[in-house]
Amino acid sequence: MKRISYLQQIISYIAEHPGCHSTDIIAGTGLNKSTVNGTLSRLVIDQRVRREGFEKQYRYIAVDKPAPNGRVKPEPKAEGVNLHAMFNSLLMAARENRA
């Protein structure tokens, strides 16, 4: 029998029971409280689960499309100055002035 990781158990439970509380997840999966709460925090940070509500009354909802490898996608860089090109042009100008 293939063993399912506690991470996958929690994600599956939330997907099947959207809006559930951490106590529901603990009761439904049989995992201990610290494992569930620690994993929920990680899943929220990784944007695989959305947390709604107020402290100690949070409800959890699975996110449709998690980021690849479960990590947060970096924000695209804003258009701006290309520092590499600027440095090279200043360096070239400084070398020309020395010669």
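The structure displayed is predicted, hence computed values, not measured ones.
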How far apart are the C-alpha atoms of Ile10 and Leu43, what are their side-chain angles, what is the distance that settles it, and do they pass the side chain to side chain contact (heavy atoms under 4.5 Å, CB included) test?
CA-CA 10 Å; Ile10 292 171; Leu43 290 170; 4.0 Å; yes

I'd like to know whether Ser22 forms a side chain to side chain contact (heavy atoms under 4.5 Å, CB included) with Tyr58, so could you lay out the CA-CA distance, the side-chain angles of the two residues, the decisive distance to 0.1 Å, and finally the verdict.
CA-CA 8 Å; Ser22 61; Tyr58 292 127; over 6 Å; no

Backbone N/O of [Y] and side chain of [X]: donor-acceptor pair under 3.5 Å:
| X | Y | value |
| --- | --- | --- |
| Thr29 | Ile25 | yes |
| Ser89 | Met86 | yes |
| Tyr60 | Ala15 | no |

For Gly19 and Ile61, which heavy atoms make the closest approach, and how far apart are they?
N-CG1, 3.8 Å

Going by the side-chain contact (heavy atoms from CB on, under 4.5 Å) test, name the single residue among Val63, Leu40, Asp24 that passes it with Ile14.
Leu40

Distance in Å, Thr39 OG1 paired with Ile11 CD1, rounded so as to fall on 0.5 Å steps
9.0 Å

Atom OH of Tyr6: over 12 foreign heavy atoms under 6.0 Å
no

Please test Val44 against Arg50 for side chain to side chain contact (heavy atoms under 4.5 Å, CB included), starting from the C-alpha separation and ending with a verdict.
CA-CA 6 Å; Val44 169; Arg50 190 173 72 236; over 6 Å; no

Passes side chain to side chain contact (heavy atoms under 4.5 Å, CB included), Arg59 versus Arg51? Steps please.
CA-CA 6 Å; Arg59 293 185 171 276; Arg51 179 169 60 194; over 6 Å; no

Quick one: do Tyr13 and Leu7 end up in the same hydrophobic cluster if we chain Ile, Leu, Val, Met, Phe, Trp and Tyr together by side-chain heavy atoms under 4.5 Å apart?
yes

